[in-house]
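Reading through the structure tokens given below for one structure.
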Amino acid sequence: TIFARGEARESSSRSLLAAGLLVMLAGIGLLYYFPNFSEQFAMPRRWEFLWLAVAALIGWRAVRAIATPRPAHVQMAVKHAIFGLFMLDAGVCLALGGRSGNIWPLAILLLALPAMALGRWIYST
């Protein structure tokens with residue numbers, strides 16, 4: 001919300017966009033550490049790569065929008081953050097499901113496909 005505040009016009013405050021990026025990365029960091037709060041979760045090493053990939057995908061567009069705060073760049077960063085929610089939700093579902101062979105994280109990721117297809121006709125930000 002902080003990041004998307006001025007997405008329709010030229011953003012005048014790069015510091016506000018940077019604050020929005022910090023909030024997004026802090027949220028991703030909390031989800032990365034989520035399994036460490038309980039002894040019942042023992043996540044494999046690939047857990048770290050999942051969150052690094054999510055942070056990189058969202059952060060790359062956000063940094064580009066901060067560097068050049070044109071509406072098109074800010075809107076693309078917001079769109080990537082919205083679609084990143086599928087990855088975040090699947091990651092949390094993976095942590096809660098443990099190693100039980102849970103198919104729900106994959107089902108959540110597959111929901112991104114119709115969302116991206118609809119995003120061609122429906123304004124997503």
Worksheet item: In the single-linkage hydrophobic clustering (I, L, V, M, F, W, Y; side-chain heavy atoms under 4.5 Å), do Leu22 and Val63 co-cluster?
Response: no

Fill in: Pair listing, side chain to side chain donor-acceptor pair (under 3.5 Å) test, anchored in residues 15-25, at least two apart
Ser13-Ser15

So how far is it from [X] [atom1] to [Y] [atom2], rounded to the nearest 0.5 Å?
X      : Y      : atom1 : atom2 : answer
Lys79  : Met116 : NZ    : CE    : 9.5 Å
Leu110 : Ile103 : CG    : CD1   : 9.5 Å
Met24  : Ile58  : CE    : CD1   : 7.0 Å
Leu21  : Leu16  : CG    : CG    : 11.5 Å

Can you name the closest pair of heavy atoms from [X] and [Y] and give their distance?
X      : Y     : result
Leu57  : His80 : O-ND1, 4.1 Å
Ala55  : Leu25 : CB-CD2, 4.1 Å
Gly91  : Leu50 : CA-CD2, 3.9 Å
Leu109 : Met87 : CD2-SD, 3.6 Å

Return the set of residues passing side-chain contact (heavy atoms from CB on, under 4.5 Å) with [X] (not counting sequence neighbours), or none when no residue passes.
X      : result
Ile108 : Asp89, Ala90, Cys93
Ala53  : none
Ala77  : Phe3, Arg61, Ala65
Leu31  : Trp51, Leu88, Val92

Discussion item. Testing Val23, Leu52, Val54 one by one against Ile28 for a side-chain contact (heavy atoms from CB on, under 4.5 Å), which residue passes?
Written reply: Val54

